[in-house]
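Worksheet for the structure shown next.
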Amino acid sequence: WDLEGQRKIDVLKTAVGGLISQFETADPNQKYVRIGASSYNTYMTGFQNLHWKPEKTRNFVNALPASGGTDSTDAFNWALKKMTSDNEVKEHKENSGEVPEKFIVFMTDGDNNYSSADSSTKILCDKAKGEGIEVYTVAFAAPSRGKELLAYCASTAEHFYDANSSAALIAAFESIGKQASKVTSRLTQ
């Protein structure tokens, strides 16, 4: 769990914090960005529902422990269900009058424990992309099967980040934040 003398979970918290800060800057009136998160090890371990207050997601991520194996299926399925629910479009229509552009950021630092979890996650990734959701993926010092899964799930090759250092992980989340924030900047001007 250590990389360059730092715990991976701590680097992840820093990277996600930077991403959330970009959203807060791009949408200071909390009118366009709804954000949530799910966590997983051998099963989905928790979630923070989508909401207008990025600080809630920051607090959720900052409280995450590092433990267990890896099975991305339930956590990705949770994200897909939240992103495709009728309620999500309704929330945006009521708050901003806009139809939202949707993004999923999918990160792992490991291989799924079972190849069946790769297969089920790929099916969900295909559904997400078919729904028009942009899927960004970040492999954080992940082994080959984890990287292969994330490369498959990314919307395009440019949506896949292979971060092998703390700096690379932080840069990946910063890049994702810049790309996603462009949408918000366009709406607020």
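Numbers here simply count residues along the sequence, with the first being 1. Keep in mind the model is a prediction, meaning the values are calculated, not measured.
Residues Ile20 and Phe140 are members of one and the same hydrophobic cluster, defined by side-chain heavy-atom contacts under 4.5 angstrom among Ile, Leu, Val, Met, Phe, Trp and Tyr. The hydrophobic clustering, which links ILVMFWY residues whose side-chain heavy atoms are closer than 4.5 Å, places Leu80 and Val105 apart. Ile35 and Tyr40 end up in different hydrophobic clusters when Ile, Leu, Val, Met, Phe, Trp and Tyr side chains are linked at under 4.5 Å.
There is no side-chain donor-acceptor pair under 3.5 Å between Thr137 and Tyr161. For the residue pair Asp118/Asn112, the side-chain donor-acceptor check at 3.5 Å is satisfied. Under 3.5 Å, the side chains of Tyr152 and Asp126 contain a donor-acceptor pair of N or O atoms. If you check the side chains of Asn87 and Ser85, you find no donor sitting under 3.5 Å from an acceptor. Looking only at atom types and distance, the side chain of Ser175 has a donor-acceptor partner in the side chain of Gln179 under 3.5 Å away.
For the pair Ser72 and Leu149, the minimum side-chain heavy-atom distance is below 4.5 Å. At a threshold of 4.5 Å between non-hydrogen side-chain atoms, the residues Lys178 and Gln22 count as touching. Residues Asn59 and Lys56 form no side-chain contact, since every pair of their non-hydrogen atoms from C-beta on lies 4.5 Å or further apart. Between His159 and Cys153, the closest side-chain pair of non-hydrogen atoms is not below 4.5 Å. Contact annotation: the side chain of Ile104 never approaches that of Glu134 to less than 4.5 Å [non-hydrogen atoms, C-beta and beyond].
We find the CG-NZ distance between Asn62 and Lys13 to be 6.0 Å, quoted to the nearest 0.5 Å. In this structure, Leu12 CG and Leu64 CG are separated by 7.0 Å, a value rounded to the nearest 0.5 Å. Distance check: Ser181 OG to Glu174 CD gives 10.5 Å after rounding to the nearest 0.5 Å. In this structure, the separation between NZ on Lys82 and NZ on Lys102 is 12.5 Å, given to the nearest 0.5 Å. Once rounded to the nearest 0.5 Å, the distance linking CD1 of Ile9 with CG of Asp109 reads 8.0 Å. Here the CG-NZ distance, from Leu124 to Lys122, works out to 12.5 Å after rounding to the nearest 0.5 Å.
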Q: In sequence, state the C-alpha distance, the side-chain angles, and the governing distance for Phe76 and Phe106, and then conclude on ring-ring contact (aromatic ring centres under 6.0 Å, His included).
A: CA-CA 8 Å; Phe76 196 96; Phe106 175 25; 5.2 Å; yes
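Between Glu91 and Arg34 there is a salt bridge, since at least one side-chain N of the basic residue sits less than 4.0 Å from a carboxylate O of the acidic one. Look at Arg58 and Glu55 and you find a salt bridge, because one of the NZ, NE, NH1 or NH2 atoms lies within 4.0 Å of a carboxylate O, short of that distance. A salt bridge is defined here as a Lys NZ or Arg NE, NH1 or NH2 lying under 4.0 Å from an Asp or Glu carboxylate O, and Glu131 with Lys127 fails to meet this definition.
For Phe47, the ring pair (Phe, Tyr, Trp, His ring centres under 6.0 Å) partners two or more places apart in sequence, or in a different chain, are Trp78.
For the pairing with Ser120, the side-chain hydrogen bond (donor to acceptor under 3.5 Å, both in side chains) check across Asp71, Asp74, Thr73, Asn77 returns one residue only, Thr73.
Within the structure, ring-ring contact (aromatic ring centres under 6.0 Å, His included) pairs that include any residue of residues 49-73 comprise Trp52-His92 (at least two apart or interchain).
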